[in-house]
Amino acid sequence: MRIPFTQVDAFAEQAFGGNPAAVMPLPTWLDDATLLAIAQENNLSETAFLVPDSSGATDYELRWFTPAAEIALCGHATLASGHVVLSSDPDRARVRFATRQSGVLEVARDGAGYALALPALTPAPRDLPGVVAALGVTAHETLWHDGGYAVAVLADEAEVRACNPDQRALEQEGRLLVIVTAPGDTTDIVSRAFTPAFGIPEDPVTGGAHAVIVPYWAERLGRDDFSAYQASARGGRLGCRFDGGRVVLSGTCVTTIEGVFLLP
């Protein structure tokens, strides 16, 4: 079986930045074990699989796999999927995806880039002593969302950049996306994201993390539009807008690889 394969740097202004994702359209769903094996072979933070939505309710069904597991929400691979679909049809303005755990997601053209609408996952204060200890930080606030998101709010960008978590201890906290965030130096906010339990010690640029922290920062900053930078080694800039029940992230994508995956 020959499966089209596109690798995209999402939330990237040029190649080798942002977060790479594989986008692989399929005519029908393969079994879950095969999807996971393909994601392991790709060895990227996420592989996105698209199947045409036969119901007609949306354009495609969409699922995401890390090398370790299927996940409930992935922003950067959704943005990458929108980039692949919209790049193939210059007259098309937007594409809608049906997901299994995160509802309908949309990617629309936005100037030279795209706007990605995600559900707002507003966190609430909670003590997270195990997470804070594993991060090795002094947290001014800690927040939690039941989708498996833990947030440590730090004093400034320098503390976010200096964070050097104990990955094994963080993994023992469970299948979490762990986020550190603070006011930024050249952007309004800055963050990093760690997911060792999903086989990804640090995720380069994480749309799902911003679905969690944007509602928090909108309230703290007193405005719904602001800029963000995820301070991983690759790095990525995002425009952020809190729109009630949705978080809208803007960014650009760069295609780096096109080819065919040969499935035995």
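Just so you know, these numbers use all the heavy atoms, side chains as well, and skip hydrogens, waters and symmetry mates. We count residues from 1, following the sequence as given.
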- Task: Would you check, one step at a time, whether the test side chain to side chain contact (heavy atoms under 4.5 Å, CB included) holds for Leu50 with Val84?
- Result: CA-CA 11 Å; Leu50 312 179; Val84 169; 5.7 Å; no
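Judged by distance alone, the side chains of Thr58 and Asp53 do bring a donor and an acceptor atom under 3.5 Å apart. In the model, Tyr229 has no side-chain atom that pairs as donor or acceptor with a side-chain atom of Glu157 under 3.5 Å. With no hydrogens or angles considered, no side-chain donor-acceptor pair links Thr99 and Trp64 at under 3.5 Å.
Of all heavy-atom pairs between Val254 and Ala12, the closest is CG2-O, 3.9 Å. Here the closest heavy-atom approach between residue Phe261 and residue Phe5 is recorded as N-CB, 4.2 Å.
Judged by distance alone, with hydrogens and angles left aside, the side-chain atoms of Thr181 form no donor-acceptor pair with the main-chain N or O of Val153 at under 3.5 Å. Side-chain N or O atoms of Glu202 include none that pairs as donor or acceptor with a backbone N or O of Arg192 at under 3.5 Å.
A cation-pi geometry, defined here as NZ or CZ lying under 6.0 Å from the six-membered ring centre and within 45° of its normal, holds between Arg175 and Phe198.
The residues Asp32 and Arg63 are annotated as salt-bridged, a charged nitrogen and a carboxylate oxygen being separated by less than 4.0 angstrom. For Asp185 and Arg161, the salt-bridge test fails: no basic side-chain N is under 4.0 Å from an acidic carboxylate O.
Pairs engaging residues 247-264 under the side chain to side chain donor-acceptor pair (under 3.5 Å) rule: His83-Thr255 [sequence neighbours left out].
In this structure, CG on Leu128 lies 9.5 Å from CG on Leu135, to the nearest 0.5 angstrom.
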